[in-house]
Amino acid sequence: MKSVFFGAVSATALIASAVHAEPQAEVLHWWTSGGEAKSVAVLQEEFASKGGQWTDMPVAGGGGDAAMTALRARVLSGNAPTAVQLKGPAIQEWYEEGVLADISPVAEAQGWADVLPASIAGHMKCEGTWCAAPVNVHRVDWIWANADVLEANGIEMPSTWDEFNAAAEKLQAAGIIPLAHGGQAWQDATVFEAVALGILGADGFRKAFVDLDMDTLKSDEMKAVFDQMRTMRGYVDDNFSGRDWNLATAMVMNGEAAFQIMGDWAKGEFMAAGKAPGEDFLCASVPGDGFLYNVDSFAMFDVDGDDKKAGQELLAELIVGQNFQKVFNLNKGSIPARIDVSLEEFDSCAHLSAKDMGESSDNGSLLPSYAHGMALRGAQSGAITDVVTAHFNSDMSSDEAVNMLADAVANSM
Ligand code: GAL
């Protein structure tokens, strides 16, 4: 009897002190480019305005590979950050290691199930509990272009890969770099999956990069994807190796290059530099139907201390809050994850994204990005990207590439 009584008292005391504790959060993320930094500052400011103390832990490196290495080191040393930019199946992988905090009380109190599309909510759940909070929907399959460069060369936004290649040849002859690209594995993978969506179609993409269907991985269509990658290797400049994605975006901005194939965080970069869509730069989805989504989210790690727990609760609440979802995404280039945020202040590229996402969702062509960790577990997406990069940086034939791809995937399972 006695111990039950004392147990009840101490639980109440805990809740009371968590409520009064000053919210603290050490936040690990990889948002360090101009547009990204501006976006994450929105969260920092909201957090501070509610009395929170934010300790920033940015780990530079587009796509987050370096951030994920840093995260592993922190967790292994028993010192996990409070909140971490984490997405796709990596959320469930960390959950299975028993290191994530359950944020269901916040999610339920805020009614997340009513304001998030089921496809997004699914990624935020671990065995029925809420284990991550979504900030946005990035679209990956975009082509960005310098409007003046296209006009001066009499080129329209391409709607087929043949048109893209014809435009690239023309630009190259005029002394302009057709494709701004950074030779980093995740950027190679980003271009590859955009090409693959166009050539394989939505069903083929799903079979290859969601179901890991061996026949599709080795198919003639997949060879055609590698053929197009080989052609595009001829459209990048000599200094592409290792270049950061935002520097490639800057090449399109200043007219040194005409096109970039990149997710709409590139739009965040154009906007941060004061460029306007439709005037300075153009956006179009890559040739082919479908929509590759990449949802950024934050997971909370199991940490001690009422101040940190209060920080996690506050962060989760703010992240899915209506105001944050609007202001953050206006800066980030993405669209809100919530369905009830008005897009009135958003630009034409965001409107196109929202429209295409709705249509793709209805016709079954809304697909998770493999290159941005939404479709597969790390071992499998890593195996695919290794082949894509090895092919792009050598004279490997498309035949060799598809065989290597099928072997790599088989060995990763
Ligand atoms: C993506 C991430 C985006 C963007 C990009 C470049 O994986 O989802 O938010 O920042 O990397 O770093």
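Every number for a ligand or one of its atoms is a count from 1 in the order of the listing. Heavy-atom basis, side chains included; hydrogens, waters and symmetry copies ignored.
- A side chain to side chain contact (heavy atoms under 4.5 Å, CB included) with F298 is found for one member of V84, V27, L86 and no other, namely V27.
- In the vicinity of W245, heavy-atom distances shorter than 4.0 Å reach the ligand 1 atoms 6 (C), 12 (O).
- More than 12 non-hydrogen atoms from other residues, nucleotides or ligands lie less than 6.0 angstrom from CG of D362.
- In the vicinity of K87, heavy-atom distances shorter than 4.0 Å reach the ligand 1 atoms 1 (C), 2 (C), 7 (O), 8 (O).
- Every atom of ligand 1 is numbered from 1 in the order shown, and the set under 4.0 Å from a heavy atom of N294 is 1 (C), 2 (C), 7 (O), 8 (O).
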side-chain contact (heavy atoms from CB on, under 4.5 Å) between W144 and K267: does it pass, once the steps are laid out? CA-CA 8 Å; W144 307 94; K267 192 185 76 187; 3.6 Å; yes
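- At a cut-off of 3.5 Å, with distance as the only test, a side-chain donor of N323 or E46 sits close to an acceptor on the other residue.
- Looking at ligand 1, you won't find any N or O of W265 less than 3.5 Å from one of its N or O atoms.
- E221 has no carboxylate O lying under 4.0 Å from a charged side-chain N of K207, or vice versa, which leaves the two without a salt bridge.
- Paired with H181 under the rule ring-ring contact (aromatic ring centres under 6.0 Å, His included), one option of Y235, W245, F392 passes, and it is F392.
- For ligand 1, the atoms sitting less than 4.0 Å from at least one non-hydrogen atom of K332 are 3 (C), 4 (C), 9 (O), 10 (O), numbered in the order shown with element in parentheses.
- In summary, the atoms of ligand 1 found under 4.0 Å from a heavy atom of G63, numbered by their order in the structure, are 6 (C), 7 (O), 11 (O), 12 (O).
- Counting only heavy atoms of the protein, atom 1 (C) of ligand 1 lies nearest to H372 ND1, 3.5 Å.
- In this model, no donor atom of one side chain and acceptor atom of the other lie less than 3.5 Å apart for N246 and S33.
- Looking from atom 2 (C) of ligand 1 to the surrounding protein, the closest heavy atom is D296 OD1, 3.4 Å.
- Atom 10 (O) of ligand 1 has E36 OE2, 2.4 Å as its closest protein atom, hydrogens excluded (heavy atom only).
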